[in-house]
Structure formats: structure tokens, C-alpha cells
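For reference, the structure discussed in these notes is given below.
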Amino acid sequence: MSIALSEQEILRRESLQQLRDLGINPYPAEAFDVTAFAQDIKENFESSPDIYQHVVLAGRIMSRRIMGSASFAELQDSTGRIQVYLKRDDICPGEDKTLYNTVFKKLLDLGDYVGIKGYVFLTQTGEISVHVQEMTLLSKSLKPLPVVRRDEEGNIFDAFTDPELRYRQRYVDLTVNPEFKQIFINRSKVISSMRDYFNSEGWMEVETPILQPVHGGAAARPFTTHHNTLDMKLYLRIANELYLKRLIVAGFDGVYEFGKMFRNEGMDRTHNPEFTSVEIYVAYKDYIWMMAMVEACLEHVTRAVHGIPVVQVGENEINFEGPYTKLSMYDSILKYTGIDVSAMDEAGLRKICADLGIEVDDTMGKGKLIDEIFSEKVEANLIQPTYITDYPIEMTPLAKKHRTKDGLVERFELFVNGKEIANAYSELNDPIDQRQRLEEQLVLAGRGDEEAMAMDDDFLRALEYGMPPTSGLGIGIDRLVMLMTNQHTIQEVLFFPQMRPEKKARVVTAEDFVKIGVPAEWVPVLNKMGFNTIEELKAANPNKVFNDLGGMRKKLKLDITMPAKEIVLAWFV
RNA sequence: GAUUUCGUAGCUCAGCUGGUAGAGCAUAACACUUUUAAUGUUGGGGUCCUGGGUUCGAAUCCCAGCGAGAUCACCA
């Protein structure tokens, strides 16, 4: 990133100063109360024109078409764009035409925030527009926005599409690509409609620790941090499950939490180091009950976003009306591979993996091997919402043993469009069983499984006091939002996806150069030549710098005195 | 982490087998009172991501680094 301002940025700063010289504050403190919005005017003006005879709007100038003493501009507010019409003699009724000729035509730029007062009318070409009677500068923009052009049919030219710039500068993205705002509006609807549903059932929203001394409740590598006063290691939570269960022990019948989880794993189009989940625990329920709840909840959410329980995702039309297909883990593998793995031991499973060409390693236990076969051969086939139920006990240390089937637990995952969306159990509340299951995880950890769960003695103590039978559910909100908004990368549903740091511009003041004897007027020239720090300058060849200074003076047509060669050489001492 | 593609003006992009950079929009100046991808004329604007190498000569070829995308691995 260059320190030097671009030509356009310099011009905008000069305009800013000229505005101040004219007594116009480019960043006024006063509130500016609007009475109308672009979208509202465009939708309702023709049916009830009378109520738009005095409107006040505010927004950014996004385009201008100046024709002498009349001009059209597009004003963009939070709801959309509307054309505004300015006539010199209307906004400058007296002799002084400065506001139009100088302020509007010369000193305002695309991207500036202005407030306008006027009336809505129809132009000769039939476009609903606002005839401006007063205009106020609300905020000056110093950096030019990318210009995205659109024609009448809505075709987009010169689209601002570079993912790096869009994600790093989301404020620019959503300003020039306002259609992407709908994704985030829908994200908000997903969360608020789900919260409404839970609240209407009488369950309570809670907050549990993000900084945890033991990272439990899921299988993943954590971020670690350090608390200075306590002088102890803390982890950013990979899950909140064990804390929510403590609250069930405490006597709440239904608790849920929306929150960020943190996992120190790879990043790709479905993974961000921090992501949002919702977990909910309801006492005296089981995973059968939970399936019906999820069906009702997701139908409610889909209707809240789309008005109907159906959402189009890529090629697939997905219907969230329940009941959903239910298939046990073993049956699903049988269905899609023709192989019955239900009675196999670890060696048998390894052979099957080898036959199917699935890569495995020595740290994998029986549960993990089955999971590999499932994700390789079954997952992608599950397009319409499908519950996969009854997982092998080895994969699931926090779920209750199946009421009838040996070696399985009462668990389901919901798959939609080939991806896991939700995960639920009849929660394990037998403290002795739970301790054994976590000890087995320690054995896996000993075999080298970095994701095996840690022992949490306080959680076990809580269970020993007694936890009622409980069903719990976790939903990955980002992935649900991807489904609901038909997006195939997680970055598109996160305002600020994680990015590698930008290279920082090296900061140096002109004074530093002046201190070593560089005349102040030559400092920008040195910057232009690529010398942004004293070190960079001193590393260069003094004779070449001297020659280049002359060259730059000529090239830039600078009317400043060339320093003597001895002076230039003295910079390098 | 691996493989691969990309990085040129404020933005979107050209730039062939190496010969020191172009367009559109934006921007500046002038004209224009209902335009709408406004128009017409004239200008300015570039460490060609960074650092090495090959070469008489590198935006272009080679190597390394940085950043991004895609695919894979890990994970949700």
C-alpha cells in the first residue's frame, strides 16, 4: 500500500479545504431528520403522489449528470437509489449561485453524503425523481468509490467483484453492491426468527463463557490465550455444550445460546476460524422429540425468510416442511454402498475403507472409520432434509446409549443439500458412563487424535448431582444461512471473514527526512521515487539518487531548486 | 499444509513470440435547463505486488517471497 495519495484523493482533500473556506462544515454535528426513503417513494409515489410533496432524504451521491445549470444525480440511501433533479436557480434563489456552481458542481464528489429537501415528480422520460429545493452536505468522502455502472435493464458493467477487496472492505462492497445487503438482512431474519420460536416455547436465552479453562463439548483444536492476573492458560471455546448442560443441572428446563465458536483449523469456503452456532437444551425430552422440534423450527425460519417453506439452493429446490426422512447411519451406508457395516469390527472396517478407496490412518478408531465411509459415500446424496440417526458409540462421547440397539447412541444429524446442518442427542446424563466415555477419549488422544475430547471434572461433578433426561441440539448458523441465501461460500454470509493481514504502509514523517538535510519540498519527490523510509534512501546509490532527482524534477515539471550534489551526498553520511 | 491460477491507473480490464504501457468508466477544464451506461471537445493520472536472476533490453521468461481465488487435506 502506497503512502502517497492518488491524484483523486488529493483533489478531494483540496475540495474539503475549499468547502471550509466557504464556511461549509464538511462534517456537521447536527442531526438531519429524514422523512422519506428511496424505495418507499418509488413504490408508492404513483398511487399517492400527494404525500410526497415535501420530502427530506439523505444518502450518498452515486452518479451525476450535469447539464449546465441543471443536473441529475442519483442519491443512494439505505433502501436504494433515487434520481434527484437540481436546478441552479432553485437551490440558489438569490444572486449568489455558489452553492450550485461551486459547491455542487466542483466541490462535491461521488460518495459524499448529502441531505436534500424537495418534492417528488415525474420527469419527461417518466422517472420518479426528487426536485431538490435545499441541499446540505452531511459528510465528505475522501476516497473514490469503485464505480459500478448499470444500464436500464439492470445489466452491470465494471462490477466490483474482487473477493479480496470485497471481504477486506465490506463497507465498500455493500455500498457499491447493495444487492449483497439482502444476504445479511436474511441472516438477521434467520437468527431472529429462530430466537422468536425458542422464546415462544418458553426457553431462555443465556450466555456462557467464551474463555474456558477446559475446551470441551466438541472435537477440534482450540485457540489458546493467557490471563495475566490469574496467570493461567485459557481456551476460546470450541463449543458451549458442557456449560449449557450445567444450566440444565441448575434447574432450567430450556436454555439456548447463539454465539461465536472458535476452532483453530483450516479455512476454506465452508470454514471460518470463528463461526456462529446455536445450541439448545430442553429437559425431559429425547432425540425423537427433538426431530419434530427441528422440523417446526426450520419451517418457521424458512417462512420468515422466504414467505414459503421452500428455498432454491443452486439446482435444488429444498422443502423444509416436516416430517423429514429418517435413516439410521448403518442403513444409510447400506443404501448407498450396499455394504452392511453394522456388525463389523475395526479390522473389517479398515478392509472396507481400502476396498472403497477411502484413505484412513492408524489413529482412527471404529467410529471414525464409519464416519469416513459415511462422509465419502453417503453425505452428498442427502439433498432434501434427512435425519441420519443412531451413531456408533465411539464417535459420540456425550450422547446417551441407545435405548434398544447395542453399540449405538441416541443421536441424529440433519443433512440438507449434502451438508450437515444440525446435530442432536438424547444427552448422556449418567455420570459414571460419562466419565468412562471421556476416559476412552483420552485413550484416543494418546493414540494421536488431536481432536479427542478433554476430561472436564467440573462437568462430571455437575452430572453427579443429577441432570434430568435432556435433549440437546446444535445448529451451525453460518451454514444454515448459506442454505437460506443460496450462497456457496461462508465468506459471503460473514460481514468480516478472516483474512491474512494486509501489508502495512510504512509510516514516516517528512520531518525525518528534513532532519537528515532533505529540503522539505523534495520529500514528496523522494516518496514518489519509492523512498518511504530513511533506511531505504540510505541503502540506495547516492549518485543515482542525485541523477534521478533531476529526472523527477523535469518529469514532474517541478519549479523548485535542485539541491547541490554535496547536499544530496550529505544525506547518505 | 499441498497443488494450481491470478496480482498492470481510483475501479473493471487489454497488453501476442521480451523492445521502457493502453481502453472504458472515474477524475480535471470548457459547452449544454428533463438527462439516465447523458453527450461533445481537450487534458492529467502508473514503484506494471515485492525482491532476486537471465538478457543489450523484462509488465512479459526463470527463482523466491507476500496477498487472493479454486481444488485437495483437516474440521463444522
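Each chain gets a letter, A, B and so on, in the order its sequence line appears, and its residues count up from 1. Note that the coordinates shown come from a computational prediction; the quantities given were computed from them, not determined experimentally.
- Atom CD1 of A/Ile238 is separated from atom C1' of B/rC74 by 14 Å (rounded to the nearest Å).
- At a cut-off of 3.5 Å, with distance as the only test, a side-chain donor of A/Thr270 or A/Asp268 sits close to an acceptor on the other residue.
- Across all strands shown, B/rG18 has no partner, as no Watson-Crick or G-U wobble contact with both distances under 3.5 Å is found.
- Remark: the separation of the P atoms in B/rG19 and B/rC62 is 15 Å, to the nearest Å.
- Remark: the separation of the C1' atoms in B/rC25 and B/rG44 is 16 Å, to the nearest Å.
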Applying side chain to side chain donor-acceptor pair (under 3.5 Å), run through A/Tyr287 and A/Asp390 and close with a yes or a no. CA-CA 10 Å; A/Tyr287 80 138; A/Asp390 301 342; 2.6 Å; yes
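- In this structure, A/Glu9 reaches neither bases nor backbone, as no heavy-atom distance under 4.0 Å exists between it and the strands shown.
- Here A/Phe157 counts as stacked on B/rA37: its ring centre is under 5.5 angstrom from the base ring centre and the planes meet at under 30°.
- Distance CE (A/Met62) to P (B/rA38): 13 Å, rounded to an integer number of Å.
- Taking atom P on both B/rC63 and B/rA26, the two are 41 Å apart, rounded to the nearest angstrom.
- With sequence neighbours left out, A/Glu376 forms a side chain to side chain donor-acceptor pair (under 3.5 Å) with no residue at all.
- Taking atom CG on A/Leu5 and atom C1' on B/rU27, their separation rounds to 15 Å, with Å as the unit.
- Backbone-only contact: A/Arg150 has heavy atoms under 4.0 Å from sugar-phosphate atoms and none from a base.
- Side-chain contact of A/Thr489 with A/Glu492: a donor-acceptor pair under 3.5 Å is absent, judged by distance alone.
- Of the nucleotides present, B/rG1 is the one that pairs with B/rC72 by Watson-Crick or G-U wobble criteria, both distances under 3.5 Å.
- Rounded to a whole Å, the CD atom of A/Gln498 is 17 Å from the C1' atom of B/rG69.
- When the C1' atom of B/rG1 is taken as reference, atom CZ of A/Arg221 falls 10 Å away, rounded to whole Å.
- Around NZ of A/Lys105, the count of heavy atoms belonging to other residues, nucleotides or ligands within 6.0 Å exceeds 12.
- Considering only the side chain of A/Met499, B/rA68 comes nearest among B/rA68, B/rU34, B/rU35.
- Following rounding to the nearest Å, A/Asp112 (CG) and B/rA26 (P) show an atom-to-atom distance of 16 Å.
- In terms of the ring-ring contact (aromatic ring centres under 6.0 Å, His included) criterion, residue partners of A/Phe104 (sequence neighbours excluded) are, by chain and number, A/Tyr100.
- With both ends at atom P, the span from B/rC6 to B/rG10 equals 23 Å, rounded to whole Å.
- Heavy-atom nearest nucleotides on RNA chain B were determined for A/Ala70 and for A/Arg64, and the one closer to the 5' end corresponds to A/Arg64.
- Annotation: of the two residues near RNA chain B, A/Leu122 and A/Val147, the 5′-most nearest-nucleotide partner is A/Val147.
- Nucleic acid contact for A/Gly266: base, since at least one base atom lies under 4.0 Å from a heavy atom of the residue.
- Taking a pair to require two hydrogen-bonding distances under 3.5 Å in either a Watson-Crick or a G-U wobble arrangement, B/rA58 remains unpaired.
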Test side chain to side chain donor-acceptor pair (under 3.5 Å) applied to A/Arg81 and A/Gln39, step by step: CA-CA 7 Å; A/Arg81 291 187 184 190; A/Gln39 189 185 8; over 6 Å; no
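- As judged by a 4.0 angstrom heavy-atom cut-off over every strand, A/Gln124 is placed among the base-contacting residues.
- Contacts of A/Leu110 with the nucleic acid, taken as non-hydrogen atoms under 4.0 Å apart, involve only primed sugar atoms and P, OP1 or OP2.
- As rounded to the nearest Å, B/rU4 and B/rA23 have P atoms that lie 36 Å from one another.
- Summarising the base pairing, B/rU27 is matched to B/rG43 through a Watson-Crick or G-U wobble pair whose two defining distances lie under 3.5 Å.
- Residue contacts for A/Ser277: at a heavy-atom cut-off of 4.0 Å it reaches no nucleic acid atom on any strand shown.
- Among the protein residues, A/Lys106 comes within range of the sugar-phosphate backbone only, with heavy atoms under 4.0 Å from sugar or phosphate atoms but none that close to a base.
- For A/Phe415 and A/Phe374, the gap between ring centers is short of 6.0 Å.
- No contact: A/Arg81 has no heavy atom under 4.0 Å from any strand.
- Taking atom CG of A/Asp162 as the reference point, atom P of B/rC11 lies 9 Å away to the nearest angstrom.
- Comparing B/rG1, B/rU12, B/rA28 against the side chain of A/Arg500 picks out B/rG1 as the nearest.
- Across all strands, A/Glu127 comes closer than 4.0 Å to base atoms (heavy-atom distances).
- When distances are taken from the side chain of A/Ser6 to each of B/rG10, B/rC74, B/rU34, the shortest belongs to B/rG10.
- The ring of A/Phe223 has its center no closer than 6.0 angstrom to the ring center of A/Tyr235.
- For the segment residues 87-104 of chain A, residues with any heavy atom less than 4.0 angstrom from an atom of RNA chain B are, sorted by number, A/Lys87, A/Asp89.
- In this model, no side-chain donor or acceptor of A/Arg65 finds a partner on the base of B/rA38 within 3.5 Å.
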Determine, stepwise, if the pair A/Arg411 / A/Glu413 fulfils salt bridge (charged side-chain N to carboxylate O under 4.0 Å, His left out). CA-CA 7 Å; A/Arg411 171 186 185 182; A/Glu413 289 189 308; 3.1 Å; yes
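- Phosphate proximity of B/rC11 to A/Gln8: absent, as no side-chain N or O sits under 4.0 Å from OP1 or OP2.
- For the P atoms, the distance linking B/rG18 with B/rC13 amounts to 26 Å, nearest Å.
- Residue contacts for A/Glu14: at a heavy-atom cut-off of 4.0 Å it reaches no nucleic acid atom on any strand shown.
- Between the CD atom of A/Gln491 and the P atom of B/rG67 there is a distance of 16 Å, rounded to whole Å.
- One can find a donor-acceptor pair under 3.5 Å joining the base of B/rG44 and the side-chain atoms of A/Glu7.
- Between B/rA28, B/rG24, B/rA68, one nucleotide has an atom nearer to the side chain of A/Asp158 than all others, and that is B/rG24.
- One donor-acceptor pair, N or O on each side, does fall under 3.5 Å between the base of B/rC74 and the side chain of A/Asp268.
- Aromatic ring centres of A/Phe412 and A/Tyr387: separated by under 6.0 Å.
- Base pairing annotation: B/rC6 forms a Watson-Crick or G-U wobble pair with B/rG67, both donor-acceptor distances under 3.5 Å.
- Between B/rA14 and B/rA9, the two C1' atoms lie 13 Å apart (nearest whole Å).
- With both ends at atom P, the span from B/rC11 to B/rG53 equals 30 Å, rounded to whole Å.
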